[in-house]
Amino acid sequence: MTVTDISLPPPGRDSLTEDLLWRGLIQDSTGIDELRALLDGPRAAFYVGFDPTAPSLHVGHLVQVATARRLQLAGHRPLLLVGGATGQIGDPKESAERTLNPPEVVAGWVARIRDQLAPFVSYTGENAAQLVNNLDWTGEMSVVEFLRDVGKHFPVNKMLAREVVKARLESGISFTEFSYQLLQANDFFELHRRHGCQLQFGGSDQWGNITAGVDYVRRRGAGPVQAFTTPLVTRSDGTKFGKTEGGAVWLDPEMTSPYAFYQFWVNVEDRDVNRYLRFFSFRSREELEALEKETAERPAARLAQRALAEELTALVHGEREMAQAVAASQALFGRGSLTDLTPATLRAALTEAGLVHVGGELPDVAALLRESGLVPSHKEARRVIAEGGAYVNNNRVTDVDARVSPEDLLHGRYLVLRRGKRSFAGVEVER
């Protein structure tokens with residue numbers, strides 16, 4: 001199977017295929033003409049898979065989730081596969097063998113990921129989305145059935161040619177991980193047989209597995225079926241997308257707060273933001289081109305970053321949490337009311353900034369500034385206060401001996417300290 005070269009379409013075309021091409025969301029395909037006929041034709045069923053290798057999806061999965069949403073909005077029917085079976089095996093990594101998680105842990109993660117996918121698609125209507133689990137058909141197969149019905153269709157020489165397998169041949173690869181490709185290919189066949197699935201897409205690192213599935217469906221006398229891959233999302237400098245100093249940026253609000261999620265997108269670099277908007281935003285081509293132009297004219301306003309952050313935070317966490325994240329961003333820098341923030345949002349914002357804990361009698365403001373790390377010494381703290389550069393809860397403090405009282409605490413336990421216009425930290429009083 002050959003990879004089709006894809007170039008940008010001429011401007012003014014608004015079909016689904018042309019929109020995906022303009023956004024850069026089709027990297028490889030089984031044939032662009034065949035793919036265009038399917039995507040721009042009558043309603044078709046498609047699938048995209050998510051393996052439960054952690055308790056939550058992260059922002060690296062968003063390109064697949066958003067693409068599934070685009071296809072459904074265009075009239076196609078999503079089959080969202082959560083890998084209860086493949087999640088117990090693990091797609092081979094180039095570095096080393098994966099640690100296998102217990103089946104009961106994987107089952108719990110399957111349920112969580114299903115819930116996380118719910119906001120992105122509609123489960124009603126003629127093209128209602130459906131959640132599927134490959135354990136439903138894989139779990140009931142015997143070893144003999146798997147080897148006879150699936151394994152006989154896979155030449156070992158082709159499997160050995162996969163880049164990730166070649167990279168592991170010297171260090172060693174287990175038969176468990178080696179067989180992952182067969183399980184994923186069988187998923188395509190089963191979804192085609194059970195649900196009439198005609199299309200699979202996934203990240204470009206899955207191209208070998210995806211084309212194996214296309215070939216397998218054909219070898220079983222079914223089809224024709226099509227496939228494409230989306231590009232792996234990276235930063236312009238080539239570093240991994242979706243990582244911060246604290247680790248991955250998760251979709252689960254308990255693992256990454258809505259405020260931290262919002263801040264991740266607000267802080268995207270200028271050279272990356274237009275590409276991310278094309279990948280993730282549901283604004284039209286005309287709207288995005290206008291936004292790109294306006295951002296270029298006023299880069300300091302970070303209009304594109306704010307638009308991206310607001311749209312994705314609302315999509316993942318809801319309008320209310322998005323509004324709280326925006327309000328927190330403004331209030332922390334004195335452009336809004338701190339008292340309007342919920343305790344959860346305020347704590348999340350202060351945790352991102354740096355939250356220190358104090359107990360017992362409240363120290364004076366100078367000591368709090370030093371303990372929070374906003375100044376290096378008590379002497380420097382007193383100088384900053386005297387010069388009018390210190391704030392507590394957005395109120396300027398000018399008395400070098402000033403102390404805070406229990407009445408100053410937000411929600412009975414928090415203080416927001418700020419030095420100058422942009423440096424702030426949080427205090428949590430433990431009683």
Side-chain angles (χ1 to χ4, degrees), residues 6 8-9 11 14 18-27 57-70 73 119-120 203-204 229-251 256-319 321-330 332-333 335 348-349 352-353 421-422:
I6 297 171
L8 285 177
D14 57 359
E18 303 306 338
D19 183 63
L20 294 175
L21 288 169
W22 176 78
R23 292 175 182 274
L25 286 171
I26 300 177
Q27 177 160 322
L57 299 176
H58 52 75
V59 294
H61 294 106
L62 267 182
V63 68
Q64 310 306 334
V65 178
T67 302
R69 180 179 173 87
R70 289 185 206 285
L73 290 173
F120 297 95
S204 59
T229 63
T230 59
L232 292 182
V233 185
T234 60
R235 295 185 175 94
S236 294
D237 61 6
T239 58
K240 194 172 181 64
F241 169 77
K243 295 285 187 180
T244 67
E245 290 183 3
V249 180
W250 304 97
L251 304 193
T256 298
S257 72
Y259 175 82
F261 183 86
Y262 175 86
Q263 287 296 316
F264 171 78
W265 298 106
V266 164
N267 291 319
V268 164
E269 293 187 20
D270 291 344
R271 57 183 177 172
D272 292 321
V273 68
N274 290 333
R275 185 162 48 97
Y276 293 169
L277 275 165
R278 294 189 184 199
F279 286 168
F280 301 118
S281 174
F282 289 87
R283 298 180 184 220
S284 68
R285 176 173 182 171
E286 293 73 23
E287 289 175 304
L288 290 180
E289 288 177 338
L291 181 59
E292 289 177 13
K293 181 179 178 182
E294 191 176 2
T295 301
E297 294 170 349
R298 300 169 52 204
R302 300 183 70 78
L303 299 175
Q305 283 89 342
R306 284 162 45 201
L308 180 64
E310 290 179 17
E311 183 174 354
L312 288 182
T313 305
L315 183 63
V316 174
H317 297 295
E319 292 285 344
E321 291 291 352
M322 182 274 289
Q324 276 282 300
V326 173
S329 295
Q330 295 173 342
L332 290 175
F333 296 106
R335 297 190 298 271
E352 287 294 301
K421 293 182 177 181
R422 302 198 60 82

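Position 1 is the first residue of the sequence, and the numbers go up from there.
Between Q305 and V268, the shortest heavy-atom distance links the atoms NE2-O, 3.0 Å. Summarising the geometry of E321 relative to P258, their closest heavy-atom pair is OE1-CG, 3.8 Å, with the distance given to 0.1 Å. S284 approaches E287 most closely through the heavy-atom pair N-OE1, 2.8 Å. Shown here for A314 and E319, the closest heavy-atom pair between the two residues is CB-OE2, 3.8 Å. A pairwise comparison of heavy atoms in F280 and R70 identifies C-NH2, 3.6 Å as the closest pair. The minimum heavy-atom distance linking L232 with S204 is given by the pair CG-OG, 3.3 Å.
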Evaluate the side chain to side chain contact (heavy atoms under 4.5 Å, CB included) criterion for residues R302 and D270: first the C-alpha distance (whole Å), next the side-chain angles of each, then the deciding distance (0.1 Å), finally the verdict.
-> CA-CA 8 Å; R302 300 183 70 78; D270 291 344; 3.6 Å; yes
Between V326 and T313, is a side chain to side chain contact (heavy atoms under 4.5 Å, CB included) present by the stated rule, with each step listed?
-> CA-CA 10 Å; V326 173; T313 305; over 6 Å; no
Verify side chain to side chain contact (heavy atoms under 4.5 Å, CB included) between S329 and V266, making sure each step is shown before the conclusion.
-> CA-CA 10 Å; S329 295; V266 164; 5.7 Å; no
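The CG atom of L277 lies 7.5 Å from the OG1 atom of T295; values are rounded to the nearest 0.5 Å. Distance check, rounded to the nearest 0.5 Å: CG of L251 to CG of L57 gives 5.5 Å. Here the OG1 atom belonging to T230 is positioned 14.0 Å from the CZ atom belonging to R23, to the nearest 0.5 angstrom. Residue N274 holds its CG atom at 7.5 Å from CG of L291, rounded to the nearest 0.5 Å. Between atom CZ of residue R285 and atom CH2 of residue W22 there is a gap of 6.0 Å, rounded to the nearest 0.5 Å.
Here E311 pairs with R283 under the salt bridge (Lys or Arg N to Asp or Glu O under 4.0 Å) rule; sequence neighbours left out. Not counting sequence neighbours, the partners of P231 by the side-chain contact (heavy atoms from CB on, under 4.5 Å) test are Q27, F279. When the side-chain contact (heavy atoms from CB on, under 4.5 Å) test is applied to R335, the partners found at least two apart in sequence or on another chain are Q330, F333. For Y276, the ring pair (Phe, Tyr, Trp, His ring centres under 6.0 Å) partners two or more places apart in sequence, or in a different chain, are F241. In this view, F282 satisfies the ring pair (Phe, Tyr, Trp, His ring centres under 6.0 Å) rule with no residue, not counting sequence neighbours. Applying the salt bridge (Lys or Arg N to Asp or Glu O under 4.0 Å) test to R306 and every residue at least two apart in sequence or in another chain returns nothing. Considering only residues two or more places apart in sequence or on other chains, H58 meets the ring pair (Phe, Tyr, Trp, His ring centres under 6.0 Å) condition with H61, W250. Residues satisfying the side chain to side chain donor-acceptor pair (under 3.5 Å) criterion with E269, sequence neighbours excluded, are R271. For R422, there are no side chain to side chain donor-acceptor pair (under 3.5 Å) partners at least two apart in sequence or on another chain. Under the rule for a salt bridge (Lys or Arg N to Asp or Glu O under 4.0 Å), the partners of E294 that lie at least two apart in sequence or sit in another chain are R298. Legend: residues meeting side-chain contact (heavy atoms from CB on, under 4.5 Å) with N267, ordered by chain and number and at least two apart, are Q263. Under the rule for a side-chain contact (heavy atoms from CB on, under 4.5 Å), the partners of A260 that lie at least two apart in sequence or sit in another chain are T256, S257, E352.
R278 places no side-chain N or O within 3.5 Å of a backbone atom of L25 that could act as its donor or acceptor partner.
Side-chain contact between F120 and L62 is present, with heavy atoms from C-beta onward closer than 4.5 Å. Residues Y259 and Q324 have side chains not in contact (no heavy-atom distance under 4.5 Å, counting atoms from C-beta outward).
Looking at K293 and E289, no side-chain N of the basic residue comes within less than 4.0 Å of a carboxylate O on the acidic one, giving no salt bridge.
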